[in-house]
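Next up is a structure, given as structure tokens.
Please read all numbers here as calculations on a predicted model, not as lab measurements. By convention in this document, chain letters (A, B, ...) are assigned in the order of the sequence lines, proteins followed by strands, and residues within each chain are numbered from 1.
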Amino acid sequence: MDDQTRMLAGLAGLGGLSQGDIGDPDSVRKQLGQPQQDIGDILQQIMAITDESLDEAQARKHALNCHRMKPALFSVLCEIKEKTVLSIRGIQDEDPPDPQIMRLDNMLLAEGVSGPEKGGGSAAAAAAAAAAGGSPGADGGIEHSDYRAKLAQIRQIYHSELEKYEQACSEFTNHVMNLLREQSRTRPISPKEIERMVAIIHRKFSSIQMQLKQSTCEAVMILRSRFLDARRKRRNFNKQATEVLNEYFYSHLSNPYPSEEAKEELAKKCAITVSQVSNWFGNKRIRYKKNIGKFQEEANLYAVKTAVDAASVSAQASQANSPATPNSGGYPAPCYTPDGRL
DNA sequence: TCGCATGATTTGCG
DNA sequence: CGCAAATCATGCGA
């Protein structure tokens, strides 16, 4: 017979107590020699505590705390409680890593919101932006920095919220733990139970954390889609930029492939990016080739323009810069027909 | 509102 | 990777 079965037997014997026995110190003393009745008596006293005044209850509490049977009773009650609680929620007890929260964590890490500070973060953001852009060498200057600034903002809010959350969680956990420890002097609360309560609190708080992570992810997604939209949105270059590009194109018609340096210079002149210059030349070449006739007028215009410009500097230079001159294997040069026919 | 112009993106090749 | 070619998507004038 172990302690618990003995205990249960003692509980079964409760029915034998008369109302008059309860609260009578003499009868308690008389029964000390009989474990079963003794325990039953203590239980009755505990149950009756709520009916008493505060002072009486405090006194009774103290008396019970000092009772020599208290530690044994306490541990047995803990054990019983442990068994019932376990049977009720034993299954929920395991805490498998939530796949949802892991997914969110991974995304936040990939976006550079969570994880290491500034350096790694912005690098990850740049990587994400580059991945989002997809096109090689897309060095979107202004939009990119805008995106990074917005991301940093989200990151800051996320971290401050996370900090608040962690503080609240630990504060609350401490509070509950202190409360339970305090109560464990009068109620059968085992350390294991406190542990479980802490786990429950953490679970509750982690659902809040998940909400925070989820909304952060959403914010990042919205930012990203906006950024992508902005990149996708086409804006015509200004007249001056088109002029500069066209001038270069028609004055290098035999070989309209600007070098990297030339592209950089054109980009600077037109206040656009190098990749935009590349795009422009790619489009121009293909469209010019497809329909030379259509570009005839434009070609003549720019040919004259460059010729005039060159002439103002040097008479020979106009010859060298003429689009018709260096035409070995290049694009067909336009003929100077007034009606635009080849 | 329609159709063309045009900048950006995608795809495939060497 | 740089390019050609095709395609997408928006700007803009008629």
Side-chain angles (χ1 to χ4, degrees), chain A residues 110-112 123-151 220-306 321 323-342:
Chain A
E111 293 295 339
S135 104
D139 48 339
I142 305 146
E143 286 154 21
H144 193 124
S145 68
D146 209 36
Y147 174 81
R148 267 216 307 255
K150 289 264 164 59
L151 194 71
V220 171
M221 292 308 265
I222 289 165
L223 175 67
R224 236 173 106 163
S225 69
R226 257 195 223 145
F227 177 67
L228 281 168
D229 284 351
R231 284 171 54 83
R232 182 108 196 154
K233 262 204 178 122
R234 190 175 64 78
R235 183 132 294 198
N236 288 357
F237 299 152
N238 61 41
K239 215 173 165 205
Q240 183 257 341
T242 318
E243 228 161 85
V244 169
L245 293 166
N246 272 317
E247 255 174 53
Y248 188 97
F249 181 79
Y250 288 110
S251 63
H252 296 76
L253 204 54
S254 59
N255 186 37
Y257 297 88
S259 64
E260 202 55 39
E261 294 82 57
K263 278 184 197 171
E264 271 166 36
E265 195 168 329
L266 285 167
K268 212 192 287 179
K269 266 193 202 171
C270 304
I272 57 176
T273 68
V274 174
S275 50
Q276 282 179 305
V277 173
S278 300
N279 285 339
W280 190 91
F281 272 87
N283 284 322
K284 192 74 185 177
R285 281 191 298 262
I286 203 84
R287 282 161 188 167
Y288 178 81
K289 201 171 86 174
K290 260 189 184 168
N291 194 352
I292 296 166
K294 201 177 77 185
F295 290 92
Q296 195 64 67
E297 219 168 312
E298 191 179 81
N300 290 342
L301 185 80
Y302 283 101
V304 170
K305 210 183 193 85
T306 48
N321 278 344
T325 320
N327 198 20
S328 47
Y331 282 73
C335 304
Y336 292 84
T337 49
D339 59 355
R341 271 185 291 111
L342 277 171

Quick one: A:N291 CG to B:dC4 C1', roughly how many Å, whole number?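 Distance check: A:N291 CG to B:dC4 C1' gives 13 Å.
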How far does CG of A:L301 sit from CD of A:E243, to the nearest 0.5 angstrom?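 One finds 8.5 Å between CG of A:L301 and CD of A:E243.
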Short question: side chain of A:Q276, backbone of A:T273 - any donor-acceptor pair under 3.5 Å?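 Yes, because the side chain of A:Q276 sits within donor-acceptor range (under 3.5 Å) of the backbone of A:T273.
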Measuring centre to centre across the rings, with the benzene-like ring taken for any Trp, is A:F249 within less than 6.0 Å of A:Y288?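 Close enough - the centres of the two rings lie under 6.0 Å apart.
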Can you find a side chain N or O atom of A:N283 that sits less than 4.0 Å from OP1 or OP2 on B:dT6?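 Negative; the distance criterion is not met.
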Select base, sugar-phosphate, or nothing to describe what A:K294 touches, counting heavy atoms under 4.0 Å on all strands.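 Since only primed, P, OP1 and OP2 atoms lie under 4.0 Å of A:K294, the category is sugar-phosphate.
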Could you tell me how far apart A:F281 (CZ) and B:dA8 (C1') are, to the nearest whole angstrom?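 So the two atoms are 17 Å apart, to the nearest Å.
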Earlier contact from the 5' end, DNA chain C, for A:E260 and A:K290: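 The 5'-side residue here is A:E260.
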In whole angstroms, how far is the P atom of B:dA8 from the CZ atom of A:R235?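 Computing the A:R235:CZ to B:dA8:P distance gives 12 Å.
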If you compare every side-chain N and O of A:K289 against the phosphate oxygens of C:dA6 (OP1, OP2), does one of them come in below 4.0 Å?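 A:K289 to C:dA6 OP1/OP2: no side-chain N or O under 4.0 Å.
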Taking the six-membered ring for Trp, is the centroid-to-centroid distance between A:Y248 and A:F281 below 6.0 Å?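 For A:Y248 and A:F281, the ring centres are under 6.0 Å apart.
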Can you tell me if A:R287 touches the phosphate of B:dT6, counting only side-chain N or O atoms and a distance under 4.0 Å to OP1 or OP2?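 Looking at the OP1 and OP2 atoms of B:dT6, neither is under 4.0 Å from any side-chain N or O of A:R287.
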Rounded to whole Å, how long is the line connecting atom CD1 of A:I286 with atom C1' of B:dT11?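 My rounded result for the distance is 13 Å.
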What is the distance, rounded to the nearest whole Å, between atom NZ of A:K284 and atom P of B:dA8?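 To the nearest whole Å, that distance equals 15 Å.
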Side-chain-base donor-acceptor pair under 3.5 Å for A:N236 and B:dA5: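 In this structure, the two groups form no donor-acceptor pair.
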Just the rounded figure in Å: distance from P of B:dT6 to CG of A:L245.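 Going from A:L245 (CG) to B:dT6 (P), I get 12 Å.
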Under-4.0 Å side-chain N/O to phosphate OP1/OP2 contact, A:Q276 with B:dA8: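 For B:dA8, OP1 or OP2 has a side-chain N or O of A:Q276 closer than 4.0 Å.
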Output the distance between atom CG (A:L266) and atom NZ (A:K268), rounded to the nearest 0.5 Å.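 One gets 11.5 Å once the value is rounded to the nearest 0.5 Å.
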Rounded to the nearest angstrom, tell me the gap between atom CG in A:N279 and atom P in C:dA4.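 The distance from CG of A:N279 to P of C:dA4 comes to 12 Å, rounded to the nearest Å.
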Tell me: NZ of A:K239 to P of B:dT6, nearest whole Å?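 These atoms are roughly 13 Å apart.
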